[in-house]
Amino acid sequence: MVRGLKLRWLLPLFFVSLPLIYWGLFGTPGQTRLSDANDPERIDFFMVNAQMQQFNTMGELARELDSPLVVHKPGQDVLHLTEPLLRLPQPEGEPTRVRADHGIMQDDESEIELAGHVEVIDNSPTGLETRLTTSVLRLLPPENYAETDAPVTVTRGQSRTDAIGMQAWLDQRRVDLLSEVRGSYVKN
Amino acid sequence: LPDDKNQPIRVSADKASMNETTGISVYTGNVEIRQGSMLLTGARVEMHRDKEGNISRIISTGSPAHFQQQATQNQPVTKAYGLQMDYRVNAQLITITEQARVEQAGDNFTGERIVYNMEKSIVDAFGSERSGGQRVEMIIQPKASN
């Protein structure tokens with residue numbers, strides 16, 4: 001009789017304690033949804049074959065960005081860009097083109113970290129196309145400025161210069177190479 | 001060597017600043033410029049490009065800047081020193097100013113300004129136009145008589 005009574009109490013107690021233990025360990029459903037909201041990897045929207053154009057306060061085209069896939073992660077305030085291609089109009093000549101395998105752009109578009117086969121292609125009005133290649137690049141579009149600490153190669157016609165580290169002022173069409181500069185100029 | 005001017009120009013330096021708009025690249029820190037047998041060194045070297053994008057002028061400054069080249073296979077290397085050197089690539093002329101000195105086959109030339117013609121291997125030395133300024137000085141080694 002007493003055994004029956006014990007069983008009658010123990011079983012419900014067991015089943016009630018299960019969820020309590022679970023919630024204690026992993027949080028209540030409400031809380032779980034809340035931690036998802038702050039999950040830095042959470043995606044709230046994405047764009048396929050995105051073409052973005054940005055205009056300055058005078059209504060002039062400031063830059064264009066194309067990317068086959070753009071993914072927004074609100075937890076990090078960034079947009080992840082696949083194979084981004086940027087076009088940055090310059091005071092003279094054609095826009096400077098910047099492309100890479102990947103990019104991470106701040107929501108306010110103040111900065112883009114580019115990685116993987118990064119190329120900066122410039123067609124200055126004075127002559128041949130100048131091509132700058134590196135593995136990673138930090139680009140500040142509003143300031144028309146880019147920099148890297150990685151090895152960099154600058155080619156122009158058949159001439160080529162290699163160095164480690166670079167700073168570039170794209171609107172001035174000026175590139176500073178920071179160390180170990182080796183160049184070869186061949187007549188065009 | 002006669003074919004030097006058709007060789008690629010090779011540069012090595014600690015740093016460089018390349019300006020696409022002006023066509024001028026400035027190299028600083030242990031700068032070495034080689035073109036065939038020609039060697040030009042300096043602390044700071046400016047390379048100017050012409051409209052076709054070819055190097056048309058190289059200005060080297062140093063303490064001193066140094067230049068050397070072998071005019072032909074059977075001639076000794078000509079060496080030049082000065083605080084500034086201005087190499088006009090197409091004209092194949094190099095103008096050395098400020099403590100200018102050229103050594104050629106044991107002969108020694110100094111002056112306020114020295115112009116070395118790389119194609120003809122001719123040295124023109126100029127004194128200062130100021131009175132009391134540096135005069136041209138040449139030390140010609142006696143050549144062994146045949």
Side-chain angles (χ1 to χ4, degrees), chain A residues 88-98 120-134 144-149 151-188, chain B residues 1-62 87-92 118-119:
Chain A
L88 306 171
Q90 299 307 340
E92 286 175 2
E94 292 177 36
T96 300
R97 282 170 290 144
V98 183
V120 179
I121 303 156
D122 181 36
N123 284 297
S124 105
T126 59
L128 291 168
E129 169 187 284
T130 301
R131 186 175 295 250
L132 190 147
T133 54
T134 183
N144 246 313
Y145 170 81
E147 64 180 21
T148 184
D149 294 330
V152 61
T153 298
V154 182
T155 53
R156 194 176 183 286
Q158 300 176 68
S159 299
R160 167 190 176 128
T161 303
D162 293 285
I164 309 286
M166 172 221 70
Q167 293 175 301
W169 292 265
L170 303 176
D171 50 350
Q172 299 167 41
R173 290 199 154 96
R174 177 184 144 205
V175 174
D176 282 7
L177 301 174
L178 303 184
S179 68
E180 298 182 37
V181 179
R182 301 289 178 272
S184 168
Y185 288 87
V186 180
K187 263 199 163 156
N188 294 318
Chain B
L1 297 175
D3 195 42
D4 279 353
K5 63 176 181 288
N6 301 316
Q7 301 296 314
I9 294 175
R10 301 194 188 286
V11 185
S12 68
D14 295 343
K15 291 181 185 289
S17 182
M18 310 167 102
N19 193 314
E20 200 47 46
T21 308
T22 61
I24 297 174
S25 296
V26 178
Y27 296 85
T28 51
N30 305 303
V31 187
E32 273 193 19
I33 312 275
R34 290 179 185 277
Q35 185 179 36
S37 76
M38 185 209 81
L39 168 65
L40 186 62
T41 66
R44 180 183 188 277
V45 173
E46 262 183 33
M47 290 179 89
H48 296 232
R49 276 204 316 264
D50 58 22
K51 286 202 172 50
E52 286 76 41
N54 297 313
I55 305 297
S56 56
R57 185 181 185 196
I58 301 175
I59 302 171
S60 174
T61 50
Y87 171 29
R88 305 269 176 168
V89 178
N90 298 331
Q92 287 289 283
M118 296 159 70
E119 271 181 347

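First the proteins, then the strands, lettered A, B, ... as listed; each starts at 1. In this text the structure is predicted, and so the values were computed from the model without any measurement.
- The shortest distance between side-chain heavy atoms of B/E20 and A/R156 falls below 4.5 Å.
- Using a 4.5 Å cut-off between heavy atoms, A/Q158 makes no contact with chain B at all.
- Ranked by heavy-atom pairs under 4.5 Å with chain B, the first of A/D162, A/V175, A/L178 is A/V175.
- Residue contact with chain A, scored on non-hydrogen atoms closer than 4.5 Å, involves the side chain of B/S25 exclusively.
- With a 4.5 angstrom heavy-atom cutoff, A/T130 touches chain B only via side-chain atoms.
- Scanning both residues, B/P8 and A/V186, for their nearest heavy atoms gives CB-CG2, 4.0 Å.
- Of all heavy-atom pairs between B/M18 and A/D176, the closest is N-OD1, 4.5 Å.
- When heavy atoms are compared at a cutoff of 4.5 Å, B/D14 approaches chain A solely by way of its backbone atoms N, CA, C and O.
- The CH2 atom of A/W169 sits 13.5 Å away from atom OG1 of B/T21, with the distance rounded to the nearest 0.5 Å.
- Atoms OG and CD, from A/S184 and B/Q7 in turn, are 10.5 Å apart once rounded to the nearest 0.5 Å.
- Distance check, rounded to the nearest 0.5 Å: OG of A/S159 to CE of B/M47 gives 8.5 Å.
- In this structure, a donor-acceptor pair under 3.5 Å is absent between the side chains of A/R182 and B/S12.
- Here B/I9 is the residue among B/V26, B/T28, B/I9 with the most heavy-atom pairs under 4.5 Å with chain A.
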